[in-house]
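What follows is a short report on a single structure.
Throughout, residue positions are numbered sequentially from 1 according to the sequence presented. Numbering of ligands and ligand atoms starts at 1, following listing order.
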Amino acid sequence: MIILAIETSCDETSIAVMANGKILSNIIFSQIDIHQKYGGVVPEVAARAHLEKIAIVFKEALETAKIKSSEIHYVAYTATPGLIGALHIGKVAAQAISVYLQKPLIACNHIQGHIYAAAINDIFHFPLLALVVSGGHTQLILMTKHLDFQILGQTLDDAVGEAYDKVARILGLPYPGGPIIDKLAKNCQKIYALPSIKDDGTLNFSFSGLKSAVINLFHKIDKDIDSNFTSNLAGSFQKVAISTLILKLKKAISIYKPKMIILVGGVAANSQLRKEVMYLNNDDCKVVIPPLEYCTDNAAMIARLAMQIIKDTIKK
Ligand code: KG4
Ligand code: ZN
């Protein structure tokens with residue numbers, strides 16, 4: 001079974017080919033360079049850039065996978081959530097390919113795709129707890145079987161990736177802020193006091209208070225005294241952001257006693273977060289964190305989700 005998958009929900013134009021569960025190609029064209037001059041993703045610019053690149057990415061995905069378009073059995077695409085104009089480009093491309101090849105079209109959810117990134121190289125064991133951390137979402141999701149997603153908690157304001165990006169912007173760092181804050185935090189020599197997380201008894205998250213506290217601190221710091229202030233602030237912010245995620249994750253573990261924990265989404269690329277979530281691995285509960293190319297937006301995860309949808313709902 002060969003699945004062609006298209007992901008265009010934000011600022012990556014990505015097309016993957018999966019054959020019988022194996023990823024043959026996962027081409028990702030990142031628009032980061034285009035959006036960097038605006039300090040963030042501009043939806044209209046993203047849609048135009050997807051339009052410009054999608055045919056080239058399609059060609060490259062087929063060439064890398066060494067398949068002909070006539071060999072494709074299913075066409076999957078990210079339907080929601082995401083930037084509407086960006087999503088439309090992927091949808092129209094998927095529809096055109098599916099109509100031309102007369103093959104079924106599978107609409108996929110982007111967040112569910114991030115979750116299934118962890119199933120590309122591993123087998124899910126249930127109950128499974130997923131910590132989804134991306135630029136748009138921060139959610140704790142419980143799965144008791146395939147394609148069953150129960151949201152246990154989510155952010156009440158900013159997503160954690162969004163907080164990374166906004167803090168980076170204040171510190172004068174380029175978009176996206178996550179990777180650069182991750183790097184700078186390694187050089188943190190002084191931890192600034194920031195409001196610690198209050199255990200409110202729920203599994204929800206909140207990052208806007210932390211973001212505002214970092215912004216206020218940035219304006220107050222005497223930059224002549226602390227010449228390492230960018231790294232110090234990056235490290236101080238990251239420490240609280242990660243401890244918030246870990247606190248809620250541990251709380252969910254104690255309640256739902258999962259057999260597997262997965263960390264997915266763009267922020268799952270964070271080196272410190274990967275380390276701290278990996279510590280939770282034990283004989284009763286396996287921790288799976290996808291390789292970096294499957295953490296940030298990519299079409300391989302959409303192909304893997306589509307495979308599950310085909311198996312469990314179409315071919316039943
Ligand atoms: O999943 P993703 O590629 O796109 C969305 O669905 O939003 O996530 C993008 C987010 C951005 O906010 C980016 O700053 C963050 O993931 N990110 C990171 C790292 N790499 C990407 N955050 C922290 N540390 C990283 N190494
Ligand atoms: Zn994403």
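- At least one heavy atom of His114 sits closer than 4.0 Å to an atom of ligand 1.
- Of the protein's non-hydrogen atoms, Val267 CG2, 3.9 Å is the one closest to atom 15 (C) of ligand 1.
- Considering each of Gly178, Gly113, Gly266, the one bringing a non-hydrogen atom nearest atom 21 (C) of ligand 1 is Gly266.
- A salt bridge does not link Glu52 to Arg48: none of the charged side-chain nitrogens sits closer than 4.0 Å to a carboxylate oxygen.
- Atom CZ of Arg169 is surrounded by 12 or fewer heavy atoms from other residues, nucleotides or ligands within 6.0 Å.
- Heavy-atom contacts from other residues, nucleotides or ligands closer than 6.0 Å to NZ of Lys186 number more than 12.
- With Asn228 as reference, Asn232 is the one residue of Asp226, Asn232, Thr230 to meet the side chain to side chain donor-acceptor pair (under 3.5 Å) rule.
- Within Asp297, the N, O or S atom lying nearest to the Zn ion (ligand 2) carries the name OD1.
- Looking only at protein heavy atoms, the nearest one to atom 7 (O) of ligand 1 is Gly135 N, 2.8 Å.
- In this structure, Lys211 does not pair ionically with Asp165, as no charged nitrogen and carboxylate oxygen lie closer than 4.0 Å.
- The Zn ion (ligand 2) lies at 2.8 Å or more from every N, O or S atom belonging to His137.
- Within ligand 1, counting atoms from 1 as listed, the ones closer than 4.0 Å to a heavy atom of His110 are 6 (O).
- For atom 3 (O) of ligand 1, the closest non-hydrogen atom on the protein side is Asp297 N, 3.0 Å.
- Each of the following atoms of ligand 1 lies closer than 4.0 Å to a heavy atom of Gly161: 12 (O).
- Figure legend: Lys223 and Phe218 shown as a cation-pi pair, the cationic atom lying under 6.0 angstrom from the six-membered ring centre and within 45 degrees of its axis.
- Using a 4.0 Å cut-off to heavy atoms of Asp165, the atoms of ligand 1 that qualify are 11 (C), 12 (O), 13 (C), 14 (O).
- The minimum heavy-atom distance between Leu184 and Ala234, with the atom names listed, is CB-CB, 4.0 Å.
- Given atom 24 (N) of ligand 1, the protein heavy atom at minimum distance is Asn270 ND2, 3.0 Å.
- Counting atoms of ligand 1 from 1 in the listed order, those under 4.0 Å from a heavy atom of Gly136 are 7 (O).
- With a 4.0 Å cut-off on non-hydrogen atoms, Asp182 touches ligand 1 through its side chain and not its backbone.
- Ligand 1 has no atom lying under 4.0 Å from any heavy atom of Cys10.
- The aromatic rings of His146 and Phe126 stand perpendicular to each other, their planes meeting at an angle above 60°, with 30° marking the opposite boundary.
- Not a single donor-acceptor pair under 3.5 Å links the side chain of Gln150 to the backbone N or O of Leu152.
- Ring centroid separation for the pair Phe205 and His137 does not come in under the 6.0 Å cut-off.
- For His110, the nearest N, O or S atom to the Zn ion (ligand 2) falls under 2.8 Å.
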